[in-house]
Amino acid sequence: MTQDNGELTPDICVIGAGPGGLAAAAAAAAMGVPVVLIEKARMGGRSLNSGSVPSKALLAAAQHADVVRSGARFGIKNVRSGVDFSAVNAHVRSAIEVIAPQDSAERFAGLGVRVVAGTARFKDASTVAVGDLTVKARRFIIATGSSSVVPAIAGLNETPYLTPETIFDLTDCPRHLIVIGAGRIGLELAQTFRRLGSDVTVLEAAVPLKREDPECAQIVLDALTRDGVRLRTGVQIVQVRRILARIQVVIAKPDGAVSDGEATIEGSHLLLTAGRRPNVDDLDLDAAGIRHGPNGIVVNKRLRTTNKKVYAIGDAVGGAAKFTHVANHHAGLVVRNALFRHPVAIDHHAMPRITFTDPELARVGLLEDEARGRAGAIRILRWPYRENDRAVTAAATDGHIKVITDRRGDILGVTIVGMAASENITAWVLAIGQKLNIGAIAGLVVPYPTYAEVGKRAAITYFMRGLTTARVRRIIGWLRRLG
Ligand SMILES: Cc1cc2nc3c(=O)[nH]c(=O)nc-3n(C[C@H](O)[C@H](O)[C@H](O)COP(=O)(O)OP(=O)(O)OC[C@H]3O[C@@H](n4cnc5c(N)ncnc54)[C@H](O)[C@@H]3O)c2cc1C
C-alpha cells in the first residue's frame, strides 16, 4: 500500500470497526492483503461498547440476583439479596475491558491492518475521504452498523431519554424505567432492570416480539409478567414530558381520548428501544452510486452494492437480521467474494435469532405461517421442558421446543423457548443449513441429562404419529433412559 500526498491505495478499505468490519479486516490481513480500516468512534463498535457485551454482562448480574432471590425453592435459605449497582457497573466495565484488547487498534496494527481514526465519506465511486486523507481501494466494505431509532413523539426533544447506546452509562439503578418498544432488545433490558430492582413498564404500539413464533413468544411474555414487568401492548403514545425529576408518558385511550388519569404513566427514566436504523448519513453514498433506503444499503445475494467496487455487511445492510453473528458471517462471505471472486451467496434461512430473556427464545429457519405458505402440508413436533429430566432437576420447566418439518420430515424451522435455548439452537442451525431430515436428529446420541434432549424427543415424535398421549410419551422417555 502506498501513501503519497495523503493518499492510501490498499486492496481493501473497511469502513467501521464493529464485529463485521473487524472480522473482514482480520480475514483480509490474514491473506496478506493490504487493508485500511476506518473507525470514527470506538474500536469494537456497538457490539463491544453498547450492545452484546455490556447487555450480557448486565444480564448475568441480574440473573445472579434472581438466583439468590429464588434460592428458597432449592432449600437454600436466609441468603441476603442486595444489588450494589456501582459494583454491577464495575462488572460490566470489566467485561468490556477484558475483550477490548482483541478489538484494539494496536492488535489490528499488529495484524498488518492500517487503522485510521475518523469519519469516512465517499468522494466518488472509488474514493473515500477521512479528514485530510483519501483512500482509493480496489474494494470497499461498508460495515457502519446501526443506531437506535428515535421515534417522533411530541415532547421528546425536551425530555431526557436513554437508548441502548447510553443506558450502560447509568450510575444508579432507575427507580421506574419506562421502556418504549417490546422487541428483543427492549424486553431483554426490561427483565434485566426489573431483576436488578427497578420497577419496569414496557409500552408497545403493536405486538411484542413480532418476529418470533407467537406461541413461544407468549411464554417469554408470561415470564416477564411474573417477574413484575408491566407490559402494555397496542399503546399509542401521545406525548412525553418531564416534570421535575419525573418522566410522564401520556397514552391515548382505546377510543382516542387523552386523559391525565390512568392513561399517564409516570417513571424516573425513559428508554427508547423502538428499532434500529442503518448508519449511512455520514457516508455520502449517493456520491458513490450506492443505493440505500430507510432500512439500509441495498445489496445483492453476494452482499455487493449497486457500486461494483463496494460491499456492505452487518447491521448497515437492508433486510439483514441485526446480530453480531450475522455481521461476522457477512464478513467471511464478502472477503471470499472480494478477494477470490469466489461467488458465495448469503443464506439468511440458516441464521439463528436469539432473545436473551429468561427463558431464552431461539429460532432458526421458517415460522409456522411461512412454512405453511411454502411447503403446504407441514408437521409440527413439540416437546415440553417439563418432561425433560435436567429441567426438572433445575426447576426450569418453562418452555418447549417446536420443530416444523415438511411431510417428508425435512426440517424447515425450529423455535426453542426455555433454559439454554441459545446453546441448543446450534444443532438445529446445522440441521437447517445442511438440509437434514428429522431422522438425523432422532438418531443422535444426546448426553443425559441435558436440555438438548428436548430436541431429540421432539424429533422422535415425528415417527410416532398417533402415539402422542402423555402416557406414551412417559413410556418412550422411560425406554430412552434404559438406553
Ligand atoms: C443493547 C443491545 C444488545 C445486543 N445484544 C446482542 C446479542 O446478544 N447478540 C447479538 O448477536 N447481537 C446483539 N446486538 C446487536 C449487535 O450489537 C449488532 O448486530 C452488531 O454490533 C452489528 O455489527 P456491525 O459490525 O454491523 O456494526 P456496529 O457494531 O454498529 O459497528 C459499526 C461501527 O462503524 C462505525 N462507523 C459508523 N459510521 C462510520 C463512518 N462513516 N466512518 C467510520 N466509522 C463509522 C461506528 O462508530 C461503529 O463502531 C445487540 C445490540 C444492542 C443495541
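For ligands, and for the atoms within them, numbers begin at 1 and follow the listed sequence. Since this is a predicted model, take the numbers as computed values, not measurements.
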Residues at least two apart in sequence or cross-chain that pass salt bridge (Lys or Arg N to Asp or Glu O under 4.0 Å) with E39, listed by chain then number, are none
In D281, N279, T163, the residue satisfying side chain to side chain donor-acceptor pair (under 3.5 Å) with S147 is N279
Does the side chain of T201 pick up a donor-acceptor pair with the side chain of D199 at under 3.5 Å? no
Only one of T306, V299, D286, L285 passes side-chain contact (heavy atoms from CB on, under 4.5 Å) with R291, and that residue is T306
Contacts of R242 meeting salt bridge (Lys or Arg N to Asp or Glu O under 4.0 Å) (sequence neighbours excluded), chain-then-number -> none
Contacts for ligand 1, heavy atom under 4.0 Å, by chain and number, are I15, G16, A17, G18, P19, G20, I38, E39, K40, A41, R42, G45, R46, S47, S50, G51, S52, S55, K56, G118, T119, A120, A143, T144, G145, S146, P164, I185, R276, D282, L283, G314, D315, K322, F323, T324, H325, A327, F356
Across all chains, not counting sequence neighbours, the salt bridge (Lys or Arg N to Asp or Glu O under 4.0 Å) partners of D124 are none
